[in-house]
Amino acid sequence: MNILITGGNGYIGSHTYVSLREQFPHAQLVIADNLSNSTVKALDNLKKIVQEEILFHNIDICHEEILEDLFSKHNFDAIIHFAGFKAVGESVDNPLKYYNNNLIGTLNLVKLCLKYDVKKFVFSSSATVYGDRVSPIVESLELLPTSNPYGETKAMCERILMDVAAINPEFSVSILRYFNPVGAHESGMIGEAANGMPNNLMPYITKVAKGELRALNVFGGDYPTIDGTGVRDYIHVMDLAEGHAAALAHLKPGTHIYNLGTGKGTSVLQLVDTFQRVNGVRIPYEIVGRRNGDLASVFADVSKAERELQWQAKRTIECMCRDAWNFEKNYVLI
Ligand code: NAD
Ligand code: UD1
């Protein structure tokens with residue numbers, strides 16, 4: 001099997017490379033990434049983990065001719081498509097940057113799949129496409145508008161893939177809707193390298209633990225949840241990575257949508273408590289007002305992925321907190 005991993009040098013893509021190598025030891029894995037949100041250091045560390053040279057191409061997938069050149073040289077069997085921008089706030093401030101990168105990249109890939117007869121496609125989507133729904137969330141729910149352009153790009157890419165699969169009976173698409181990926185490879189060599197001010201909870205906690213930020217602002221203490229703080233379905237990035245290998249192994253014609261989460265909700269304060277306990281560090285926090293657009297409680301129904309992909313998230317919240325901190329405390333940006 002010959003697999004193209006777009007955005008394979010990023011947070012989730014690099015962990016997925018590790019899982020694919022374990023699951024498909026003889027596959028040829030090719031990364032296409034323009035390093036717009038990842039570093040050469042991450043690539044070097046990935047090489048050390050998998051102990052092999054990596055077929056890496058520094059290309060922008062929005063550049064159709066360059067991407068076509070790659071397709072013409074490799075006989076790809078499958079695409080795993082991570083490349084895209086993902087910061088919700090930035091997408092509100094700069095919608096065209098998001099519509100351009102996320103849509104053009106996906107359109108180019110799909111066109112070239114049809115032209116070069118690549119029949120398997122795995123797409124990184126997000127639970128954000130569900131909008132405001134009561135949890136646990138099942139895949140069959142109709143999508144609601146999301147509150148930001150990033151979420152809209154995910155919903156549009158899903159639609160493009162579904163429509164193309166509908167008229168190309170051999171095209172097999174797996175849409176993976178991630179809940180909240182956190183943690184890092186157990187080696188601590190690859191992880192989520194947040195540049196600048198982190199937007200998401202776990203990278204913020206690790207920066208506070210490191211002393212780079214003074215205290216965590218907990219957005220809202222009056223939600224109808226166990227302790228008043230927001231509840232989410234955190235999933236260890238290695239479990240998520242293994243979910244991609246399972247999705248690829250079980251691909252079948254048509255479009256198939258899977259939630260990748262644990263099915264369990266954890267509140268902000270529960271996550272902070274666990275982080276402090278397993279890592280022996282203190283996380284000062286204060287409860288502030290709610291963040292615009294946040295929901296009280298979001299967690300997945302994961303029964304479809306368990307049933308059809310024979311995949312289940314195994315790693316605990318303790319493991320997520322330990323591995324996130326193990327990566328952050330060793331991580332130096334270059
Ligand atoms: P990331 O930013 O760490 O990785 C994305 C990679 O794609 C980066 O290495 C970046 O350099 C590359 N890239 C971006 N645009 C490109 C382009 N035009 N051409 C080539 N390379 C390009 O992000 P991630 O957290 O690994 O997320 C991967 C995918 O999963 C994204 O599509 C994201 O929207 C989706 N997703 C992420 C989360 C999350 O919490 N991390 C949740 C849901 C969905
Ligand atoms: C966010 C994105 C979502 C994306 C997901 C990826 C928003 C509105 N949504 O989801 O589109 O798919 O990341 O993982 O950005 N929190 C704090 N203090 C902080 C940061 C977060 O209290 O400094 C709280 C939030 O209010 C929320 C929880 O922590 O209750 C998780 O937040 P976050 O990590 O940003 O993820 P989501 O909001 O679920």
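What's counted below: heavy atoms across the whole structure, side chains too, no hydrogens, waters or symmetry copies. If you read the sequence from its start, that first residue is 1, and numbering goes on from there. Atoms within a ligand are numbered from 1 in the order they appear, just like the ligands themselves. Predicted, not measured: the structure shown is a model, and the values here were computed from it.
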- [ ] Could you tell me whether some N/O pair between G7 and ligand 1 is separated by less than 3.5 angstrom?
- [x] no
- [ ] Nearest heavy atom to atom 34 (O) of ligand 1 wins, so pick from Y150, F179, F85.
- [x] Y150
Task: Backbone or side-chain N or O of Y204 under 3.5 Å from ligand 2 N or O - done: no
Open item on the list: Under 4.0 Å, counting heavy atoms only: does G105 come that close to any atom of ligand 1?
Closed with: no
- [ ] Run through the side-chain heavy atoms of Ile, Leu, Val, Met, Phe, Trp and Tyr, join any pair under 4.5 Å, and report what else lands in V134's cluster.
- [x] none
Task: Protein contact of atom 34 (O) of ligand 2 - nearest heavy atom, named by residue and atom, plus distance - done: L201 N, 2.8 Å
Task: Nearest-neighbour protein heavy atom for atom 9 (N) of ligand 2, which is reported as residue plus atom name and distance - done: V88 CG2, 3.9 Å
TODO: Provide the number and element of each atom of ligand 1 under 4.0 Å from a heavy atom of I61.
DONE: 17 (C), 18 (N), 19 (N), 20 (C)
Open item on the list: If only side-chain N and O atoms count, and only distance matters, is there a donor-acceptor pair under 3.5 Å linking H256 with E139?
Closed with: no
Task: Structural part of K154 in contact with ligand 1, heavy atom criterion under 4.0 angstrom - done: side chain
- [ ] Work out whether the distance between some heavy atom of T128 and some atom of ligand 1 is less than 4.0 Å.
- [x] no
Task: Any donor-acceptor N or O pair under 3.5 Å, side chains S125, E158 - done: yes
Task: Steps toward side chain to side chain contact (heavy atoms under 4.5 Å, CB included) verdict (L143, R159) - done: CA-CA 11 Å; L143 300 189; R159 187 78 241 169; over 6 Å; no
Task: Which segment of N217 sits under 4.0 Å of ligand 2 when only heavy atoms are counted - done: backbone
Open item on the list: Show me which atoms of ligand 2 lie under 4.0 Å from any heavy atom of N199.
Closed with: 20 (C), 35 (O)
Open item on the list: Does the structure place the NZ or CZ of K97 under 6.0 Å from the centre of the six-membered ring of F85, at an angle of no more than 45° from the ring's axis?
Closed with: yes
Task: Part of Y234 within contact of ligand 2 (heavy atoms, under 4.0 Å) - done: side chain
Task: S14 side chain to N9 side chain, donor-acceptor N/O pair below 3.5 angstrom - done: no
Open item on the list: Does any part of the side chain of I175, heavy atoms only, come nearer than 4.5 Å to the side chain of M162, both counted from C-beta?
Closed with: yes
Open item on the list: Can you report which non-hydrogen protein atom sits closest to atom 24 (C) of ligand 2, along with the distance?
Closed with: V268 CG2, 3.7 Å
- [ ] Give the contacting part of S125 toward ligand 1: side chain, backbone, both or neither, where contact means a heavy-atom distance below 4.0 Å.
- [x] backbone
Open item on the list: Applying a heavy-atom cut-off of 4.0 Å, say which part of T229 lies close to ligand 2: side chain, backbone, both or neither.
Closed with: neither
- [ ] Kindly state each residue pair satisfying ring pair (Phe, Tyr, Trp, His ring centres under 6.0 Å) with at least one member in residues 166-198, sequence neighbours excluded.
- [x] Y178-H244
Open item on the list: Is there a side-chain contact between L109 and F71 in this structure, where contact means two heavy atoms from C-beta onward sitting under 4.5 Å apart?
Closed with: yes
TODO: Please report which non-hydrogen protein atom sits nearest to atom 5 (C) of ligand 2, along with the residue it belongs to and the distance in Å to one decimal place.
DONE: N200 ND2, 4.3 Å
TODO: Name the closest protein heavy atom to atom 4 (C) of ligand 2, giving the residue it belongs to and the distance to 0.1 Å.
DONE: S126 OG, 4.3 Å
Open item on the list: Does ligand 2 come near enough to N292 that some N or O of the ligand is less than 3.5 Å from an N or O of the residue?
Closed with: no
- [ ] Could you say whether the N/O atoms of N148 and ligand 2 ever approach to under 3.5 Å?
- [x] no
Task: Cationic tip of R290 above Y223 ring, under 6.0 Å, 45° of axis - done: yes
- [ ] Report the nearest protein non-hydrogen atom to atom 32 (O) of ligand 2: residue, atom name, distance rounded to 0.1 Å.
- [x] R291 NH2, 3.5 Å
Open item on the list: I need the nearest protein heavy-atom contact for atom 19 (C) of ligand 2: residue, atom name and distance, please.
Closed with: F219 CE1, 3.3 Å
- [ ] Specify the closest pair of heavy atoms between A296 and P224, including all atoms of both residues, with the distance to one decimal.
- [x] CB-CD, 4.0 Å
Open item on the list: Tell me the nearest of D33, N37, V129 to atom 1 (P) of ligand 1, using heavy-atom distances.
Closed with: N37
TODO: Using a strict cut-off of 4.0 Å, indicate which atoms of ligand 2 neighbour a heavy atom of N180.
DONE: 14 (O), 36 (O), 37 (P), 39 (O)
- [ ] Could you say whether the N/O atoms of D60 and ligand 1 ever approach to under 3.5 Å?
- [x] yes
Task: Side chain, backbone, both or neither: the part of T128 lying under 4.0 Å from ligand 2 by heavy atom - done: side chain
Open item on the list: I'd like to check whether V218 has a polar contact with ligand 2, where a contact means an N/O of the residue lying under 3.5 Å from an N/O of the ligand.
Closed with: no
Open item on the list: What I want to find out is whether E192 reaches K207 closely enough, with some N-O distance under 4.0 Å, to be called a salt bridge.
Closed with: no
Open item on the list: Out of all atoms in ligand 2, which are within 4.0 Å of some heavy atom of D294? Include the element for each.
Closed with: 8 (C), 25 (C), 26 (O), 38 (O)
TODO: Record the part of L35 in heavy-atom contact with ligand 1 below 4.0 Å; permitted values are side chain, backbone, both and neither.
DONE: backbone
Task: Heavy atom of the protein closest to atom 39 (O) of ligand 2 (residue, atom name, distance) - done: R232 NE, 2.6 Å
Task: Any donor-acceptor N/O pair, N279 side chain to V281 backbone, under 3.5 Å - done: no
Open item on the list: Could you check whether R177 makes a cation-pi contact with Y258, meaning its NZ or CZ is under 6.0 Å from the centre of the six-membered ring and within 45° of the ring axis?
Closed with: no
